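Take a look at the structure below.
Worth saying up front: this structure is predicted, and the values here are computed from it rather than measured. Throughout, a chain's letter reflects where its sequence line sits, starting with A, and its residues are numbered from 1.
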Amino acid sequence: MDKLLEVNDLTKRYAQGSVLARIVLTAADHVTFYIKPAEIFTLAGESGCGKTTTAKVVLGFEEATSGTILHNGKPQGRKEKVWVTEGVQAIFQDPFSTFNPLRTVDSYFHETVQNYRLAGSKKEAIERIDQKLRLVGLSYAEFAGKYPNEFSGGQLQRISIARALVTDPKLIIADEPVSMVDASLRMSIVNLFKKLRDELGVSILYITHDLATAYYVGDRIAIMFRGNIVEMGTVEQVLMNPRHPYSKLLRDSIPQADPTRRWTTTVSLAELEQEEYLRRGCRFAGRCPDAMEICRGVVPADLSVDVLVKCHLYADGHTVHDPS
Amino acid sequence: MDAATPAKKKAIIRTEKLQAYYLLDMQGTQKVVKAVNDVSLTIYENEIYGIAGESGCGKTTLLKALFNDFVPPMRLMGGKIIYLLDGDREVDVTGLSPDEMRQLRMEYISYIPQGSMSVFNPVLKLKETYEDFVGSHRKGQSREETFELARHQIEVLGLPANVLELYPHQLSGGMRQRVTIALASLLRPRVMIGDEPTTALDVVVQRGVIQMLTTIQKDMQNTIVLVTHDMGVHANIADRIGIMYAGKIVEEGPTTQIFSEPLHPYTQFLINSLPKFGDKNVRGSVPGSPPSLADLPPGCPFHPRCPHVKDICRQQMPEFSHPTENHKVACWLIGEGNHG
């Protein structure tokens with residue numbers, strides 16, 4: 001199988017606190033996944049689950065404690081900077097802090113064109129930029145010479161996607177690209193992702209806590225909890241038929257736009273993030289409705305080719321319901 | 001559903017032709033931003049009223065106006081804001097002095113802001129902030145009594161008991177939001193207004209916060225006015241919903257009706273654009289973008305984006321028509337002939 005991006009056994013630890021009261025948090029713990037060409041792969045989970053840490057390491061902003069990242073089979077890390085030559089691009093959460101308020105927005109586009117030597121003349125550069133802006137429903141004429149404050153949040157987010165497209169990337173890493181925009185703009189951005197995948201063959205690592213849009217655009221999904229991927233599979237499998245108790249909780253917590261289907265059960269929330277990170281055994285055991293004796297002492301086996309759920313409920317002797 | 005008989009309920013808070021504008025002086029030229037434009041709302045006792053709409057439609061300004069909190073450049077340009085005090089006395093609060101208004105806050109009406117980060121003083125323990133807020137309302141009360149009240153309520157709401165001894169930065173965003181709600185409900189106000197209280201939170205925490213709001217409402221039998229753009233949250237918690245567009249309420253009705261029979265084309269867009277599990281069909285978003293509140297189009301403000309636009313929509317704003325007793329909508333397509 002063709003793999004565009006491979007992340008193998010990636011671990012990232014952060015030390016917290018002072019010298020005397022030092023604790024080490026494993027923000028990403030043996031994270032393993034891959035992305036195929038022309039695929040939208042979602043990494044989902046609540047705040048503080050390690051999804052952004054994973055993105056940072058993959059992008060080379062942070063150094064991995066251990067593990068490897070391969071892009072088209074070539075190793076990638078802080079030193080190699082494969083991203084720069086291969087034109088992998090990123091989109092971030094807050095479009096207002098993506099752009100410097102004192103710089104015109106088009107200067108970012110020209111800079112990217114220059115850095116990658118994508119055009120021989122100014123005219124060629126403008127043509128290229130205009131072409132990318134048209135993909136997101138804007139044009140060069142209506143945007144040249146303007147500052148970030150002259151655009152709405154939704155427009156700016158689309159501009160930052162167009163900026164990422166200037167280099168014709170095959171992989172875009174999008175960290176919570178829709179969490180700051182409201183529902184109708186959200187749809188226009190995820191529809192755009194769909195178009196990029198279907199028409200240009202772009203792969204997207206879509207990091208989000210919004211499972212509804214993940215289901216809508218995504219092909220495969222990994223659910224993260226406190227540094228671990230706890231369940232992975234196609235969106236149909238994982239979201240329509242979640243197996244891990246945490247995936248079930250996440251899915252059931254999405255407010256459905258249907259007043260006849262309100263929540264009837266109550267949830268218990270994590271008291272402190274740190275406690276769960278440091279927990280022995282399964283990190284979800286403290287909140288899990290199905291917790292067993294073994295969960296409090298023994299960490300469930302990591303995901304592998306055959307095991308797509310990190311949970312004792314599905315260990316040997318328990319049958320896994322296969323939706324297909 | 002509770003909202004089925006609002007006619008028998010008392011209106012706890014009411015506005016009449018409320019206009020709240022921002023007056024901006026841009027290099028010599030005056031710019032008027034009509035954020036709340038002629039809104040007449042009636043919100044009843046013992047209900048959860050949801051206000052929905054896109055960013056920049058005036059939702060937050062409407063809430064500030066309901067709270068009677070006008071800070072320049074926001075100005076009250078006309079209309080009344082009426083509170084029902086002591087259960088039977090209707091008072092137009094636009095005429096109250098700042099002191100009288102301060103006395104009503106926390107006890108009659110309280111506000112839950114979006115970013116709970118800025119509610120608490122970062123260098124004080126949470127209990128000191130509690131004392132600051134409560135002290136001016138309970139003059140004769142000692143520190144110990146205030147802490148006791150706070151501690152009791154924290155426990156009732158299922159928050160960890162030691163939370164009062166912590167500093168704000170030690171809490172996660174979700175916990176801080178829940179403590180903010182606990183503080184807002186401490187003096188058992190008749191009305192609580194929440195401005196996107198769950199927006200920055202992830203789904204599980206959001207569910208916990210919503211759970212807490214409904215528990216408080218059931219316990220105190222008071223009114224919650226909730227602003228959010230997330231229709232899923234409204235579906236889960238609101239008894240009635242008002243849809244706001246460009247500074248105006250364009251549709252209002254019981255939650256079940258708004259979701260089962262949305263009448264205004266804008267409401268239909270809002271509801272149909274939501275992705276649903278098990279349905280991968282392409283969903284459109286509302287075409288175009290909301291108008292600038294400083295430069296509204298003539299007639300119905302939605303007409304430039306409306307797929308069913310007619311000539312009259314470009315000229316005149318429709319009045320409300322009432323397809324059923326509790327459901328009203330301002331659109332030329334609905335109930336023709338009733339617009340006079």
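With a 4.5 angstrom heavy-atom cutoff, A:Val190 does not touch chain B via any of its atoms. Only the side chain of A:Asn191 comes within less than 4.5 Å of a heavy atom of chain B; its backbone N, CA, C and O stay farther away. Only the backbone of B:Asn281 comes within contact range of chain A, with heavy atoms under 4.5 Å apart. Of the two parts of B:Ile271, neither the backbone nor the side chain holds a non-hydrogen atom closer than 4.5 Å to a non-hydrogen atom of chain A. Contact annotation for B:Glu54: both backbone and side-chain heavy atoms come within less than 4.5 Å of a heavy atom of chain A. When heavy atoms are compared at a cutoff of 4.5 Å, A:Asp210 does not approach chain B at all.
A:Pro255 pairs in a side chain to side chain contact (heavy atoms under 4.5 Å, CB included) with only one of the listed residues (B:Val233, B:Leu274, B:Ile237), which is B:Val233.
Counting heavy-atom pairs closer than 4.5 Å to chain A, the top residue among B:Asp202, B:Asn236, B:Val203 is B:Asn236.
Within 6.0 Å of NZ on B:Lys31 lie no more than 12 heavy atoms contributed by other residues, nucleotides or ligands.
Here CH2 of A:Trp263 is found 6.0 Å from CZ of B:Arg207. Values are rounded to the nearest 0.5 Å. B:Phe259 CZ to A:Gln256 CD: the interatomic distance, rounded to the nearest 0.5 Å, is 11.0 Å.
For A:Arg262 (side chain) and B:Ala235 (main-chain N/O), a donor-acceptor pair under 3.5 Å exists by modelled atom type.
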Determine, stepwise, if the pair B:Val205 / A:His209 fulfils side chain to side chain contact (heavy atoms under 4.5 Å, CB included). CA-CA 11 Å; B:Val205 181; A:His209 62 247; over 6 Å; no

Run A:Arg186 and B:His229 through side chain to side chain contact (heavy atoms under 4.5 Å, CB included) and show every step you take. CA-CA 12 Å; A:Arg186 193 170 288 186; B:His229 64 253; 4.2 Å; yes

